K.L.:
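Sharing a structure below in structure tokens format, with a few things to ask.
Side-chain atoms are counted along with the backbone in the values below, which use heavy atoms only and exclude waters and symmetry mates. Counting starts at 1 for both ligands and their atoms, following the listed order. Please read all numbers here as calculations on a predicted model, not as lab measurements. Along the sequence shown, the residues carry numbers beginning at 1.
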Amino acid sequence: MKRDVWITEVALRDGSHAISHQFTVDQVRKVAKALDDADVPVIEVSHGDGLGGSSLQYGLSHTNEMDLISAATEVVTKAKIVVLLLPGIGTVQHLKEAASRGAKVARIATHVTEADVSKQHISFAKELGLEAVGFLMMSHMAPTEKLLEQASLMESYGADVVYVVDSAGALLPHQVKERVHCLRNSLDVPIGFHAHNNLSLAVANSLVAIEQGATRIDGSIRCLGAGAGNTQTEVLVSVLDRLNIQTGIDVYKMMDVAEEIVAPILQKPQEITREGLLLGYAGVYSSFLVHANKAAKQFKVDAKDILIELGKRKVVGGQEDMIVDIAAEMAKKTVKA
Ligand SMILES: CC[C@H](O)CC(=O)C(=O)O
Ligand SMILES: [Mn+2]
């Protein structure tokens with residue numbers, strides 16, 4: 001099958017944030033099977049924060065992610081199952097078990113300036129015979145030269161693909177253009193792009209990335225991803241089809257999967273709420289949205305103010321405890337006033 005662009009469907013991983021990590025085996029089976037039937041080539045399954053993410057800090061999973069990975073690998077006949085791992089959260093043991101459950105690709109994610117911590121995990125993934133993907137999160141926080149330096153490190157560790165990851169959905173089209181163009185012209189490996197739709201730019205930014213030579217693009221069906229969701233897969237696939245760019249995915253089947261199988265899983269429709277928009281505007285990690293809403297309720301403060309403060313302090317993934325600290329500080333100030 002000819003594919004100009006390889007789509008990775010991330011709803012069963014990034015979407016885990018949106019539903020507080022409550023995926024069940026039955027849901028994963030149904031979604032993975034339907035995506036496979038629609039010829040989606042790569043499907044990501046893990047806790048939202050990657051392997052080993054199930055914890056009080058990041059949110060406890062309803063079902064052990066390894067069982068979710070098995071559920072997906074058992075029902076697909078063509079698609080590859082991919083897992084995400086953040087060094088420091090997930091370990092090489094998690095990677096080993098995911099591979100034994102049938103995962104074929106490991107995406108090793110680090111903050112955009114910390115690629116050096118991915119070396120061990122990229123090498124180990126390769127030893128296990130997995131495809132290794134370097135995933136540079138919060139790419140808006142580093143200038144293009146820094147991003148290139150970090151992407152080159154991942155390539156030197158053996159990454160087969162390197163992704164520009166717009167975790168906060170904060171990148172503007174010209175910034176995506178500059179970043180992907182630079183990486184495409186400097187690295188030998190394929191370049192990927194992962195967007196969040198907080199500024200309603202995910203499809204447009206993904207098109208810009210493709211124009212600049214990215215050939216691996218992430219999407220989440222029905223926008224089931226953190227924050228306002230990712231590039232909505234069925235929309236992107238339809239637009240690419242109109243542009244005669246082959247994804248190999250069946251457009252009509254994807255529309256049906258979104259409507260009939262994924263929409264009922266959503267706890268509420270994925271839309272750009274005020275807080276979702278703030279993530280993109282203030283450059284805050286999309287997965288912080290649910291935590292900020294929860295802390296706002298607990299401390300009776302405004303989630304909007306928590307997100308603005310997180311943006312000012314440039315808080316990055318792994319610092320979820322800061323969300324509660326900030327909410328508590330705000331509540332204290334309110335009491336004093
Ligand atoms: C917490 C991991 C994060 O959700 C990975 C990701 O998808 C991103 O940075 O956008
Ligand atoms: Mn994401």
Side-chain angles (χ1 to χ4, degrees), residues 7-21 23 42-55 57-59 61 65 82-90 94 105-115 117-118 121 133-142 147 150 154 162-171 176 179 192-199 201-202 205-206 209 216-221 223-233 236 270 276 279-280 283-292 310 314-323:
I7 302 285
T8 295
E9 170 55 55
V10 300
L12 293 176
R13 196 280 306 164
D14 212 312
S16 178
H17 293 296
I19 60 160
S20 302
H21 316 290
F23 277 125
V42 190
I43 302 170
E44 189 173 54
V45 182
S46 310
H47 181 279
D49 292 271
L51 298 179
S54 180
S55 58
Q57 167 106 337
Y58 301 111
S61 298
E65 64 194 336
V82 46
V83 292
L84 183 81
L85 181 141
L86 279 65
I89 298 179
H94 288 113
V105 185
R107 306 213 291 180
I108 310 301
T110 75
H111 183 63
V112 63
T113 54
E114 291 171 6
V117 301
S118 66
H121 297 81
V133 176
F135 204 69
L136 286 165
M137 300 185 294
M138 298 292 269
S139 284
H140 74 284
M141 285 179 86
L147 179 71
Q150 300 293 301
M154 285 180 157
V162 177
Y163 261 73
V164 177
V165 180
D166 185 13
S167 310
L171 286 174
V176 175
R179 282 164 173 75
F193 180 65
H194 171 104
H196 279 271
N197 200 37
N198 305 328
L199 294 176
L201 286 172
N205 281 349
S206 299
R216 307 291 182 104
I217 301 290
D218 286 4
S220 59
I221 188 160
C223 246
L224 177 49
N230 308 89
T231 305
Q232 191 165 346
T233 318
L236 179 69
Q270 276 295 67
L279 298 168
V284 177
Y285 221 55
S286 295
S287 62
F288 286 179
L289 179 61
V290 172
H291 298 285
L310 285 166
K314 298 197 184 314
V315 174
V316 300
Q319 295 182 303
E320 276 76 356
D321 48 332
M322 292 281 291
I323 302 171

K.L.:
Taking side-chain hydrogen bond (donor to acceptor under 3.5 Å, both in side chains) as the test, write out the residues that go with Arg216, two or more places apart.
P.N.:
Glu131
K.L.:
Sort by chain and number the protein N/O/S atoms that are closer than 2.8 Å to the Mn ion (ligand 2), and list them.
P.N.:
Asp14 OD2, His194 NE2, His196 NE2
K.L.:
Could you give the N/O to N/O pairs under 3.5 Å linking ligand 1 and the protein, each with its distance?
P.N.:
from	atom 1	to	atom 2	distance (Å)
ligand 1	4 (O)	Arg13	NH1	3.1
ligand 1	4 (O)	His17	NE2	2.9
ligand 1	7 (O)	Arg13	NH1	3.2
ligand 1	7 (O)	Arg13	NH2	2.8
ligand 1	7 (O)	Asp14	OD2	2.9
ligand 1	7 (O)	His194	NE2	3.2
ligand 1	9 (O)	Ser167	OG	2.6
ligand 1	10 (O)	His194	NE2	3.2
ligand 1	10 (O)	His196	NE2	3.2

K.L.:
Working to the nearest 0.5 Å, report the span between OG of Ser167 and CG of Asn230.
P.N.:
10.0 Å
K.L.:
So His194 and Phe135, would you call those rings parallel, tilted or perpendicular, with 30° and 60° as cut-offs?
P.N.:
perpendicular
K.L.:
Is His17 close to Asp49 at the side-chain level, that is, under 4.5 Å between some pair of heavy atoms?
P.N.:
yes
K.L.:
Indicate yes or no for a side-chain donor-acceptor contact from Thr233 to the backbone of Ile221 under 3.5 Å, with no hydrogens or angles considered.
P.N.:
yes
K.L.:
Heavy atoms, side chains only, cut-off 4.5 Å: are Tyr285 and Leu310 in contact?
P.N.:
no
K.L.:
Using side-chain hydrogen bond (donor to acceptor under 3.5 Å, both in side chains) as the criterion, list what pairs up with Ser206, not counting sequence neighbours.
P.N.:
Thr231
K.L.:
So do the side chains of Glu44 and Glu9 get within less than 4.5 Å of each other, counting heavy atoms only?
P.N.:
no
K.L.:
Ignoring hydrogens and angles, state whether a donor on the side chain of Ser16 or His21 is under 3.5 Å from an acceptor on the partner side chain.
P.N.:
yes
